[in-house]
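Everything numeric here is computed off the predicted structure, so don't read it as measured data.
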Amino acid sequence: MSSAAWFDISTPDALRARRFYQELFGWPVHVMDDTYALVGDEDGRPTGGVGQAGPDSPYTGLVAYFPVDDVDAALARAERLGATRILSPTDSRIAVFTDLDGNHVGLISR
């Protein structure tokens with residue numbers, strides 16, 4: 001059984017979202033560039049990120065990423081079960097699909 005390994009919040013206003021979650025949860029924020037920031041736990045380890053969604057972004061909202069041994073195989077299995085591909089596997093070995101209820105779900109290579 002896999003628990004979430006990473007989360008990502010994609011938003012049209014990343015600065016506002018970073019401030020909101022930092023104030024709400026006390027997350028440390030490490031801004032990578034104008035489009036993405038890592039957020040962490042109380043030990044400062046990154047556990048997720050907040051990204052700027054642009055006009056070509058495949059989705060907005062929250063995605064939990066679950067670790068799998070083979071992203072391509074897991075995505076194909078999800079599609080056979082009725083999921084819809086949103087983000088094809090990337091070089092960093094992540095992918096996103098929507099489940100049967102429209103929830104965004106991410107896959108990340110172990």
Side-chain angles (χ1 to χ4, degrees):
M1 182 159 118
S2 291
S3 59
W6 188 261
F7 73 90
D8 191 69
I9 299 170
S10 179
T11 173
D13 192 340
L15 179 60
R16 181 187 67 184
R18 287 194 313 256
R19 285 183 191 147
F20 174 82
Y21 287 107
Q22 186 175 29
E23 288 184 33
L24 178 65
F25 296 124
W27 289 345
V29 174
H30 176 70
V31 176
M32 305 294 291
D33 58 31
D34 290 340
T35 64
Y36 201 75
L38 298 174
V39 296
D41 61 17
E42 56 276 352
D43 295 328
R45 292 179 306 229
T47 56
V50 178
Q52 181 68 43
D56 297 331
S57 296
Y59 62 86
T60 59
L62 175 69
V63 174
Y65 284 84
F66 296 89
V68 294
D69 291 327
D70 184 330
V71 170
D72 296 295
L75 182 58
R77 189 167 50 253
E79 288 177 310
R80 282 195 306 276
L81 293 169
T84 303
R85 181 184 304 227
I86 297 297
L87 176 65
S88 293
T90 66
D91 291 342
S92 57
R93 305 311 304 152
I94 64 170
V96 177
F97 63 89
T98 55
D99 68 11
L100 303 178
D101 294 316
N103 299 301
H104 292 104
V105 179
L107 304 170
I108 189 167
S109 182
R110 290 189 200 278

Colleague: Do L15 and L38 land in one hydrophobic cluster if side-chain heavy atoms of ILVMFWY residues count as linked below 4.5 Å?
Modeller: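 They do not share one cluster, since no chain of ILVMFWY contacts under 4.5 Å joins L15 to L38.
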Colleague: Work out which heavy atom in A17 is nearest to a heavy atom in T11; give both atom names and the distance.
Modeller: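 Taking every non-hydrogen atom into account, CB-CG2, 3.7 Å.
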Colleague: Under 4.5 Å between side-chain heavy atoms, hopping through other hydrophobics if needed: is there a path connecting V105 to V68?
Modeller: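 Same hydrophobic cluster.
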Colleague: Are F20 and F25 connected in a single hydrophobic cluster, I mean Ile/Leu/Val/Met/Phe/Trp/Tyr linked by side-chain heavy atoms less than 4.5 Å apart?
Modeller: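 In one cluster with F25: F20, yes.
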Colleague: Might you point out which heavy atoms bring G49 and V39 nearest each other, and give the distance in Å?
Modeller: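 Smallest heavy-atom distance, with atoms named: N-CG2, 4.0 Å.
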Colleague: Looking only at atom types and distance, does a side-chain atom of D33 sit under 3.5 Å from a main-chain N or O of Y36, one as donor and one as acceptor?
Modeller: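 Here the side-chain-to-backbone pair exists.
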Colleague: Could you tell me which non-hydrogen atom of V63 sits nearest to which non-hydrogen atom of G106, and how far apart they are?
Modeller: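 What the structure gives for the nearest pair is CG1-N, 3.4 Å.
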Colleague: Considering all heavy atoms of both residues, which atom of L75 and which atom of P89 are nearest to each other, and what is their separation?
Modeller: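 Smallest heavy-atom distance, with atoms named: CD2-CD, 3.6 Å.
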Colleague: Taking atom CG of L100 and atom OG1 of T84, what is their separation to the nearest 0.5 Å?
Modeller: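 Interatomic distance, L100 CG to T84 OG1, rounded to 0.5 Å: 8.5 Å.
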Colleague: Do D72 and R93 touch side chain to side chain, with heavy atoms closer than 4.5 Å?
Modeller: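 Side-chain contact under 4.5 Å: yes.
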Colleague: Can you say whether the rings of Y21 and W27 are parallel (under 30°), tilted (30 to 60°) or perpendicular (over 60°)?
Modeller: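 Judged by the thresholds at 30° and 60°, the geometry between Y21 and W27 is parallel.
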Colleague: Kindly indicate whether the side chain of V96, heavy atoms from C-beta on, has any atom under 4.5 Å from the side chain of P58.
Modeller: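 Side-chain contact under 4.5 Å: no.
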Colleague: Can F7 be reached from L24 by stepping across I, L, V, M, F, W or Y side chains whose heavy atoms are under 4.5 Å apart?
Modeller: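 Yes, it is one cluster - the side chains of L24 and F7 are joined through contacts under 4.5 Å.
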Colleague: Which value, rounded to the nearest 0.5 Å, describes the distance between W6 atom CH2 and I108 atom CD1?
Modeller: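 Separation between the atoms: 7.5 Å.
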Colleague: Can you tell me how far the CG atom of D8 sits from the OH atom of Y65, to the nearest 0.5 Å?
Modeller: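 Spacing of CG (D8) from OH (Y65) equals 5.0 Å.
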Colleague: V71 and L107: which non-hydrogen atoms are nearest, and at how many Å?
Modeller: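 Here V71 and L107 meet closest at O-CD1, 4.0 Å.
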Colleague: May I ask whether I94 and F97 are part of the same hydrophobic cluster, defined by side-chain heavy atoms of I, L, V, M, F, W, Y residues being less than 4.5 angstrom apart, directly or through others?
Modeller: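 I94 does not cluster with F97.
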Colleague: What is the minimum heavy-atom distance between T60 and H104, and which atoms define it?
Modeller: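 What the structure gives for the nearest pair is O-CE1, 3.9 Å.
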Colleague: Calculate, to the nearest 0.5 Å, the distance between atoms CG and CG belonging to L81 and D99 respectively.
Modeller: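 Here the rounded value is 11.0 Å.
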Colleague: Using atom types as modelled and distance alone, determine if a side-chain donor or acceptor of Q52 lies under 3.5 Å from a backbone N or O of P12.
Modeller: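 Checked: pair present.
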